[in-house]
2 protein chains.
Amino acid sequence: MEAERGVPGLSRVAGLLADPTRARFCLALLDGRAWTAGELARQAGVAASTTTEHLNALVAGGLLEQVRQGRHRYVRLASPEVAELVERLAALAPGPEPVPRSLRARTRQHRLAHARTCYDHLAGRLGVAVTEAMIGRGILADSQGLHLTPTGSAWVESVGLTVARGTRRPAVRPCLDWTERRFHLAGTLGAAFCSHALTAGWITRTATPRAVEVTPPGLEAFGELLGITAGDLRGAGAETVPGTPV
Amino acid sequence: MEAERGVPGLSRVAGLLADPTRARFCLALLDGRAWTAGELARQAGVAASTTTEHLNALVAGGLLEQVRQGRHRYVRLASPEVAELVERLAALAPGPEPVPRSLRARTRQHRLAHARTCYDHLAGRLGVAVTEAMIGRGILADSQGLHLTPTGSAWVESVGLTVARGTRRPAVRPCLDWTERRFHLAGTLGAAFCSHALTAGWITRTATPRAVEVTPPGLEAFGELLGITAGDLRGAGAETVPGTPV
DNA sequence: TCGACACTTCGGCCGGCGCCGAAGCGCCGG
DNA sequence: CCGGCGCTTCGGCGCCGGCCGAAGTGTCGA
């Protein structure tokens, strides 16, 4: 028959993400940064040799890009398209995520839930708050899919965001990652806002991978530009784990 | 570590599409219709028992929905999101597609290249022609991702398309499937146009799965609404297979 | 120049999974 | 009521692929 065009390609790409260890690598790389092979090996708990084989496969399959620097091998996701694919696959899976047991793990999870990056844009409660503030202020509208309003275009210009142009990648895209169960802003605008927030010092990276922290000037900027208060970022209560005086 | 939230889900879903037989099923189901287990088994060239096992896995994994009717088991893709995922995965794979050898296969491929459906919207040269005509007439614009213009909104209304509202699914989305190497229109607008074209009798389904044919009134309508001529649908030459007097 | 370190290659082990055929079950048509 | 047909269950086979450890290669720092 004839629908079999594309079968090898589909199954090959899916096969790359089908292995838990490779999936873990890709999820880790969703922070948008380049990791060394050794870091990934430790993070996944497998031998260095195993890591090499997996990375070879992912690079050959076009999901990862690599840069060799001295005795290190850096890898990162090959493109925003790949990042989006990984997100979508993970989001499709129904997942009652288990609550981690150790205290270290819980505080880490707490930070990530608060504010983090998702490849090249903001996620966590900060990402959700920013997105909803944009909708509330008429910068975005979500009838028939999320989109930028004329008001929004003016706002983007007034803030001084430099949004990538001439690309097929949509300026505005709702992203539902696998931890939050609410949408936040991705696309070139999401990337531009995140990048601007980092360079302007509104947020800074912390020791925890993917986690970010809102700085005092950042809080002020978010309030002025989007009407976001510290309370909006604290979340809807129920977030402090019961029985743990953190 | 902590990026492992979502790892089981990601690898499980990817694993479902990693098997060539299951991938073939999903690609076949991209026509948006429900197939019986037996049809899929014949199409993929595997035993009925094998098919049962695969379908169980795909249904349990949430990729497929099933309806039991008498002694038949009908399955279809669970949602447009799943269809989009399958498309994206297949499109990501670099694929020099082989030219089929038999005459039957070639004529079938020819029909599919001409005009077909892709889940719930138009693809093939017809899909590309419609999309490019929409861009040419200012109905769509593709700066910063494809989107509907004000002119386009008026056009949609004048044609009488009923576009689904209140959904997160974008009205306009570029779709790059694994046969064409050019974009065509998906999203709720793409679905609405395809559905309208079918009910209005502009196009009809043929014996070949997924293939559609433009009717004489359809050709007239496309010309009037979008300025599409019969020549636009014939393709850019080079489509008749060399050495075969079809 | 000489270790230490990051990564790679290779061989071998082992578990999982896709496949089939045979037998069974339930629905439909005659 | 009976035969045919579509689907399902089960047991068993064979292969593919992920994993490791040991040995090898190249790079950096002292």
Side-chain angles (χ1 to χ4, degrees), chain A residues 1 4 7-29 33-76 93, chain B residues 1 4 7-29 33-61 63-76 93 209:
Chain A
M1 287 293 195
E4 61 192 73
V7 168
L10 171 56
S11 56
R12 225 190 55 245
V13 174
L16 289 173
L17 295 168
D19 177 75
T21 301
R22 284 194 297 262
R24 192 174 303 225
F25 287 175
C26 292
L27 250 14
L29 290 166
R33 298 200 282 188
W35 292 48
T36 68
E39 288 170 336
L40 289 171
R42 277 188 299 279
Q43 201 267 354
V46 295
S49 56
T50 304
T51 301
T52 293
E53 290 165 356
H54 283 314
L55 293 185
N56 286 345
L58 288 167
V59 169
L63 295 189
L64 261 45
E65 270 180 2
Q66 61 177 331
V67 177
R68 303 208 177 242
Q69 227 169 87
R71 51 185 169 181
H72 293 283
R73 176 192 204 176
Y74 287 94
V75 293
R76 62 175 173 195
Chain B
M1 289 295 193
E4 61 194 74
V7 168
L10 172 55
S11 57
R12 226 189 56 245
V13 173
L16 290 173
L17 295 168
D19 177 74
T21 301
R22 285 194 297 263
R24 193 173 302 225
F25 288 175
C26 292
L27 249 15
L29 289 166
R33 299 201 281 190
W35 292 48
T36 66
E39 288 170 335
L40 288 171
R42 276 189 300 278
Q43 201 266 355
V46 295
S49 56
T50 304
T51 301
T52 293
E53 289 166 356
H54 284 314
L55 293 185
N56 286 344
L58 288 167
V59 169
L63 296 189
L64 262 45
E65 270 180 1
Q66 62 178 329
V67 177
R68 305 217 174 232
Q69 230 171 83
R71 51 184 169 182
H72 293 283
R73 176 193 204 175
Y74 287 93
V75 292
R76 61 175 174 194

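The chains referred to below are lettered A, B, ... by the order of the sequence lines, with proteins before strands, and numbering in each begins at 1.
The interatomic distance linking B:Arg42 (CZ) with D:dG6 (C1') rounds to 10 Å, in whole Å. Computed from coordinates, the A:Leu16 CG to D:dG17 P distance equals 11 Å when rounded to whole Å. One atom, CZ of A:Phe25, and another, P of D:dG18, lie 12 Å apart when rounded to the nearest Å. Residue A:Leu55 contributes atom CG, which lies 14 Å from atom C1' of D:dG18 at whole-angstrom precision. Atom CG in A:Asn56 sits roughly 12 Å away from atom P in C:dC7 (whole-Å rounding). Rounded to a whole Å, the CZ atom of A:Arg12 is 17 Å from the P atom of D:dC16. Following rounding to the nearest Å, A:Trp35 (CH2) and C:dC7 (C1') show an atom-to-atom distance of 18 Å. One can place CG of A:Leu40 at 12 Å from P of C:dT8, the figure rounded to the nearest angstrom.
Listed here is the closest heavy atom pair of A:Pro20 and B:Val7: O-CG1, 3.6 Å. The two residues B:Leu55 and B:Phe25 make their nearest non-hydrogen contact at CD2-CD1, 3.9 Å.
Within 4.0 Å (heavy atoms only), B:Thr36 reaches sugar-phosphate atoms of the nucleic acid but no base atom. A:Ala48 comes within 4.0 angstrom of a nucleotide base, judged by non-hydrogen atoms across all strands. Backbone-only contact: B:Ala47 has heavy atoms under 4.0 Å from sugar-phosphate atoms and none from a base.
Within the structure, a side-chain polar atom (N or O) of B:His54 is placed less than 4.0 Å from OP1 or OP2 of C:dC19. Put simply, B:Arg73 has a side-chain N or O that comes within less than 4.0 Å of OP1 or OP2 on D:dT8.
Going from atom OG of A:Ser49 over to atom NE2 of A:His54 covers 9.5 Å, rounded to the nearest 0.5 Å.
Side-chain N/O atoms of B:Thr21 and base N/O atoms of C:dG18 include no donor-acceptor pair closer than 3.5 Å. The base of D:dC5 sits within donor-acceptor range of the side chain of B:Arg71, with an N or O pair under 3.5 Å.
Proximity of a side-chain donor or acceptor of B:Arg22 to a complementary backbone N or O of A:Ser11 within less than 3.5 Å is not detected.
DNA chain D is contacted by both A:Gly70 and A:Val46; A:Val46 maps to the nucleotide lying nearer its 5′ end (nearest heavy atom per residue). For A:Arg68 and B:Thr50, each mapped to the nucleotide of DNA chain C holding its nearest heavy atom, the one lying further toward the 5' end belongs to A:Arg68. Along DNA chain D, the nucleotide nearest to B:His72 and the one nearest to B:Glu53 differ in position, and the one closer to the 5' end is contacted by B:His72.
Checking C:dG30 for Watson-Crick or G-U wobble geometry (two distances, each under 3.5 Å) identifies D:dC1 as its partner.
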Note to self: Assess the residue pair A:Arg73 and A:Gln66 against the criterion (side-chain hydrogen bond (donor to acceptor under 3.5 Å, both in side chains)); give the C-alpha distance rounded to whole Å, side-chain angles, the decisive distance to 0.1 Å, and a yes or no.
What the structure shows: CA-CA 7 Å; A:Arg73 176 192 204 176; A:Gln66 61 177 331; 2.7 Å; yes
